[in-house]
Amino acid sequence: MDRETNRKFYLETFGCQMNVVDSERIVDLLQGIGYRQVEAADEADLILLNTCSIRDKAERKVYGHLGRFKPLKDRNPGLILGVGGCVAQQEGERLLEKVRYLDLVFGTHNIHKLPDMVQEVEGRRVRRIETEFLDRETRLQLFPKRAVGDTVSRFVTVMQGCDNFCSYCVVPHVRGREVSRPSDEILAEVCELAAGGVREITLIGQNVNSYGRKEPGEVSFADLLRRVHEVDGVERIRFTTSHPRDLSDELIDCFGDLEKLCKHINLPVQSGSDRILEMMNRGYTGQDYLAKVARLKAACPQIRLTSDIIVGFPGETENDFAATLELMEEVGYADVFSFLYSSRPQTAAAQMPDSLSAKAKQDRFDRLLALQEKISRQTWAQDVGRVLPVLVEGESRQGGDQIFGRTTWNRIVNFQGEKTLVGQVVPVRITTDFRNSQLGEAA
Ligand code: 5AD
Ligand code: SF4
């Protein structure tokens with residue numbers, strides 16, 4: 001037993017909220033077999049990377065990191081090195097072949113097997129790999145249950161996987177088919193979190209808008225929101241991510257009706273060109289998208305939108321790109337997460353001819369950033385001088401006596417205040433807007 005309780009693990013997480021939640025599960029499971037988490041890789045007996053393969057750059061990062069751990073492994077042959085998440089799912093055996101000093105690989109559906117895998121590697125110094133996809137029933141049983149933590153804001157998974165097959169996207173290939181978790185279970189978890197002090201719930205999934213549609217008798221996502229809204233103790237609700245095609249009128253109305261629902265939606269448009277949207281297999285046109293945005297703004301005039309946009313999709317012309325810029329101006333996004341197109345294995349777009357030079361793509365990317373910079377600055381500058389409700393989350397990284405929280409639009413605000421305010425919604429006058437946060441004073 002002693003040996004076990006002394007063992008330490010180091011875990012690094014890349015990518016989206018799904019991986020963040022999976023990593024919490026990994027921590028729980030490893031603690032269950034006597035491991036303790038440490039912040040420095042060179043103190044650890046077990047090093048795990050929970051990886052992302054959404055773009056080539058994210059994937060390459062994994063190999064870079066593994067290289068960094070090689071000297072540790074040389075010094076300590078007992079050290080166990082493992083890779084999980086989306087790169088593990090995508091690469092499987094190839095990872096073990098390419099990285100000779102890697103001990104274990106576990107895919108996105110195999111996190112529950114980690115304790116057994118680790119113990120096998122420990123005892124017998126074998127290399128282990130598990131990357132099989134599980135059936136629906138098993139996945140529903142294994143849905144990550146969350147331990148109550150001490151944070152003000154928590155993610156709750158409502159669905160996993162994705163059936164959309166956007167032509168550029170690796171997610172359906174590395175996360176598998178869509179499954180929605182039963183609403184009663186979600187509600188039970190939200191109640192437990194709220195009773196434990198959590199004030200903000202973010203419902204997460206690859207496409208929350210299609211929640212429940214494939215489960216007979218399940219409620220819609222809008223109904224799920226209404227039920228979460230009734231839970232005592234929950235002050236704020238957010239959700240991510242939304243597919244514009246599946247954004248129903250019923251859900252749009254929630255922004256007008258549900259007081260606790262934050263007035264922000266990330267509604268990834270990906271492109272403003274109908275031709276490119278079609279090639280992306282997105283299932284809507286620029287006009288369809290703008291019509292939904294108009295309805296959102298009508299239902300909730302204070303709403304702010306953010307978006308994801310891909311620049312340089314195969315065959316994107318200057319005209320296509322101009323349509324994207326035009327749409328951005330029309331919507332007036334508060335922020336945009338923009339990405340250079342990256343060809344991904346197994347995707348349909350990987351087969352499409354792509355003749356645009358890297359320089360031309362970069363040039364478009366820079367123009368998009370410059371435009372968004374202007375729009376963002378105009379949006380966020382409107383907050384200066386106003387008093388906004390801020391949900392306080394903790395001590396500020398800025399140090400001093402500052403604490404921080406977020407506005408309804410998910411903007412971080414730092415201000416002077418007592419730590420006893422953590423977990424409360426307090427009025428704060430915004431004094432300065434920086435590029436990624438705001439400074440304020442208690443009002
Ligand atoms: N290349 C570039 N960006 C991508 N995204 C998804 N796949 C790719 C890809 N192959 C972006 C999309 C998505 C966000 C999470 O990542 O904009 O919304
Ligand atoms: Fe998340 Fe997609 Fe990256 Fe996987 S590939 S971590 S699902 S963003």
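As the structure lists them, so they are numbered: ligands from 1, and atoms in each ligand from 1.
Panel note: side chain Thr432, backbone Leu439; no donor-acceptor pair is recorded below 3.5 Å. At distances below 3.5 Å, at least one donor-acceptor pair connects side-chain atoms of Asp103 with backbone N or O atoms of Leu81.
Counting the atoms of ligand 1 from 1 in the order shown, those under 4.0 Å from a heavy atom of Arg55 are 1 (N), 2 (C), 3 (N), 4 (C), 5 (N), 11 (C), 16 (O). Near Tyr341, with a cut-off below 4.0 Å to any heavy atom, the atoms of ligand 1 are 1 (N), 2 (C). Residue contact check: Arg344 has heavy atoms under 4.0 Å from atoms 10 (N) of ligand 1. Residue contact check: Gln270 has heavy atoms under 4.0 Å from atoms 12 (C), 13 (C), 17 (O), 18 (O) of ligand 1.
Looking at Ser343 next to ligand 1, no N or O pair under 3.5 Å apart turns up.
Cation-pi check for Lys113 over Phe106 is not met; the charged atom does not lie both under 6.0 angstrom from the ring centroid and within 45 degrees of its normal.
At a 4.0 Å heavy-atom cut-off, ligand 1 touches Tyr168 through backbone and side chain alike. The part of Leu340 lying near ligand 1 is the backbone, judged by heavy-atom distances below 4.0 Å.
Residues in residues 296-307 take part in these salt bridge (Lys or Arg N to Asp or Glu O under 4.0 Å) pairs, two or more places apart or across chains: Arg304-Asp383.
Of the candidates Val311, Val269, Val171, Asp308, the one placing a heavy atom closest to atom 18 (O) of ligand 1 is Asp308.
For the pair Arg367 and Asp363, the salt-bridge criterion is met [side-chain N within less than 4.0 Å of a carboxylate O].
By the 30° and 60° cut-offs, the orientation of the rings of Tyr168 relative to Phe313 is perpendicular.
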